[in-house]
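In what follows, a single structure is set out as structure tokens and then discussed.
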There are 2 protein chains.
Amino acid sequence: MTKAEKLLKEKKLSVTEARKSVLEFFLKSKKPLNVLDFKGDKTFESFNESSIYRNITKLEEAGIIQSIPSAGDYQSYELVNHGHHHHHISCSNCKKIQCLKVCGLEKRMKEMAKTVDFLLVGHSVELVGLCSDCRS
Amino acid sequence: MTKAEKLLKEKKLSVTEARKSVLEFFLKSKKPLNVLDFKGDKTFESFNESSIYRNITKLEEAGIIQSIPSAGDYQSYELVNHGHHHHHISCSNCKKIQCLKVCGLEKRMKEMAKTVDFLLVGHSVELVGLCSDCRS
DNA sequence: CTAGATGCAAAAAGTTTGCAATGCA
DNA sequence: TGCATTGCAAACTTTTTGCATCTAG
């Protein structure tokens, strides 16, 4: 049994070709995905657009994926377990989103919090930049 | 001359009622705004929806406002000066929000961006902490 | 007076829904 | 078999555009 099938069964979702493919795409992707990513992949040419939307919704309801803030035209999603603490950077030009594996901001943030007499508990960060494609 | 008028002239944008109102709304708002915020405000009942969109676009092109990542259905914008160096910390217990006058995260963020070959342009940050009242 | 802004209506673009047919359990 | 899922078309929502009119400079 594949990892996708196993995950779906755990969450008591029925295992269909479309659903399995959507989940597998998330499992193998290193960055958040939006509908356009699915439409651009030939695996999904055989599935209807509404099935992609409906399956994304199902996976989100099941807590397998989650939507993440994005500045672009499409809602982006990623696996809930996709790393523990991580942030994203989006391209200000083409809106592409990428996961960052590193953080290391806590030390400075603790100091910032201290300036207003707060004890730092957590943080959320969105970086904006220009990707290599858009720079050249 | 109002602050909005001054800003528009600086950027060589013509000063119309609609444009002035849109910018004033941003200037007095303490949070990012989306089209729905405009449609919900009675000042904007007299303006056409497309004028709101077109003016938001103009202000963005002029570098007065910028779009920010958002998880909702509507694109959100904020004044450029708010996004760059005006962060907030909120108390996880009493929800009080405090402005931070310091940042100093750019250096590390530049490094983070570099790990995925992005050139850092901006960032948005929300810190969460415990205020002194809630710690005692 | 003229370039740019506006209102209105129509079109795009992105997403959701109803329904009949199909597939999973 | 029975309920969930799918495809398809149509509806909906959010945003953009064309064009005639109006307004700021």
Side-chain angles (χ1 to χ4, degrees), chain A residues 1-2 4-25 32-41 43-62 64-77 94-97, chain B residues 1-2 4-25 32-41 43-62 64-77:
Chain A
M1 199 191 305
T2 70
E5 285 171 331
K6 213 177 122 207
L7 245 167
L8 291 174
K9 296 211 166 161
E10 265 172 37
K11 299 288 184 174
K12 310 211 183 308
L13 294 179
S14 48
V15 179
T16 65
E17 277 311 305
R19 190 165 296 164
K20 221 167 43 178
S21 302
V22 169
L23 180 49
E24 268 158 10
F25 202 15
L33 299 174
N34 62 39
V35 219
L36 212 59
D37 295 317
F38 286 93
K39 291 211 261 178
D41 190 285
T43 309
F44 295 94
E45 277 167 12
S46 57
F47 301 116
N48 191 275
E49 215 174 321
S50 55
S51 295
I52 298 174
Y53 279 105
R54 286 195 264 224
N55 278 312
I56 287 176
T57 304
K58 273 284 176 190
L59 294 181
E60 190 185 16
E61 284 168 2
I64 297 177
I65 61 173
Q66 64 192 337
S67 77
I68 62 160
S70 93
D73 291 334
Y74 302 87
Q75 183 61 260
S76 287
Y77 298 83
C94 68
K95 309 300 180 189
K96 147 176 49 194
I97 298 178
Chain B
M1 195 190 308
T2 69
E5 285 171 330
K6 212 176 123 209
L7 244 168
L8 291 174
K9 295 210 168 161
E10 266 173 37
K11 300 287 185 173
K12 311 212 182 310
L13 294 179
S14 47
V15 178
T16 65
E17 279 311 305
R19 189 115 87 209
K20 219 166 47 178
S21 302
V22 169
L23 180 48
E24 267 157 11
F25 202 15
L33 299 174
N34 63 39
V35 219
L36 213 60
D37 296 317
F38 285 93
K39 291 212 261 178
D41 190 285
T43 310
F44 296 94
E45 277 167 13
S46 57
F47 301 116
N48 191 277
E49 216 173 319
S50 55
S51 294
I52 297 173
Y53 278 106
R54 286 196 264 225
N55 278 313
I56 287 176
T57 304
K58 274 283 176 191
L59 295 180
E60 191 184 15
E61 284 168 2
I64 298 175
I65 62 173
Q66 65 190 339
S67 79
I68 62 160
S70 88
D73 291 334
Y74 302 87
Q75 183 61 261
S76 286
Y77 298 85

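Atom set for the values below is all heavy atoms of this structure, side chains included, hydrogens, waters and symmetry mates excluded. Proteins come first, then strands; the chains are lettered A, B, ... in the order of their sequence lines, and each starts at number 1.
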* Structure fact -> Comparing nearest nucleotides in DNA chain D, the 5'-proximal residue of the pair B:V15, A:S50 is A:S50
* To do: Report the nucleotide, chosen from D:dT17, D:dG7, C:dT15, that has the shortest atom-to-atom distance to any side-chain atom of A:R54.
  => D:dG7
* Structure fact -> note: B:I52, atom CD1; D:dT14, atom P; distance rounded to Å ~ 14 Å
* To do: Using only side-chain N and O atoms of B:Y53, determine if any of them is under 4.0 Å from OP1 or OP2 of D:dT16.
  => no
* Work out which heavy atom in B:I65 is nearest to a heavy atom in B:I56; give both atom names and the distance. => CD1-O, 3.5 Å
* For C:dG23, take OP1 and OP2 only and decide whether either is under 4.0 Å from a side-chain N or O of A:S14. => no
* Distance in angstrom units between B:L13 CG and C:dA5 P, rounded -> 7 Å
* **4.5 Å side-chain heavy-atom contact, A:T57 and A:E61** => yes
* To do: Please report, rounded to the nearest Å, how far the C1' atom of C:dA13 is from the NZ atom of A:K39.
  => 9 Å
* Asked: Are A:F25 and A:F44 close enough that their ring centers fall under 6.0 Å?
  -> yes
* To do: Check whether any side-chain nitrogen or oxygen of A:T16 sits under 4.0 Å from OP1 or OP2 of D:dT6, and answer yes or no.
  => yes
* Asked: Rounded to whole angstroms, how far apart are CD1 on B:I56 and C1' on D:dT16?
  -> 13 Å
* To do: For C:dG7, take OP1 and OP2 only and decide whether either is under 4.0 Å from a side-chain N or O of B:S51.
  => yes
* Rounded to the nearest angstrom, tell me the gap between atom CD in B:Q75 and atom C1' in D:dT15. => 11 Å
* Atom CG of B:N55 and atom C1' of C:dA5: how far apart are they, to the nearest Å? -> 8 Å
* Output yes when at least one side-chain N/O atom of A:R19 is less than 4.0 Å from OP1 or OP2 of D:dT5, else no. => yes
* Asked: DNA chain D: A:K58 or B:E17, which has the more 5' nearest nucleotide?
  -> A:K58
* For B:A4 and B:E24, which heavy atoms make the closest approach, and how far apart are they? -> CB-CG, 3.8 Å
* Hey, does A:N34 have a side-chain heavy atom less than 4.5 Å from the side chain of A:I97? -> no
* Can you check the B:K12 NZ to C:dA3 P distance for me, whole Å? -> 19 Å
* **Phosphate OP1/OP2 of C:dA5 contacted by B:N48 side-chain N/O (<4.0 Å)** => no
* Asked: How close or far is atom C1' of C:dG7 from atom CZ of B:F44, stated in whole angstroms?
  -> 16 Å
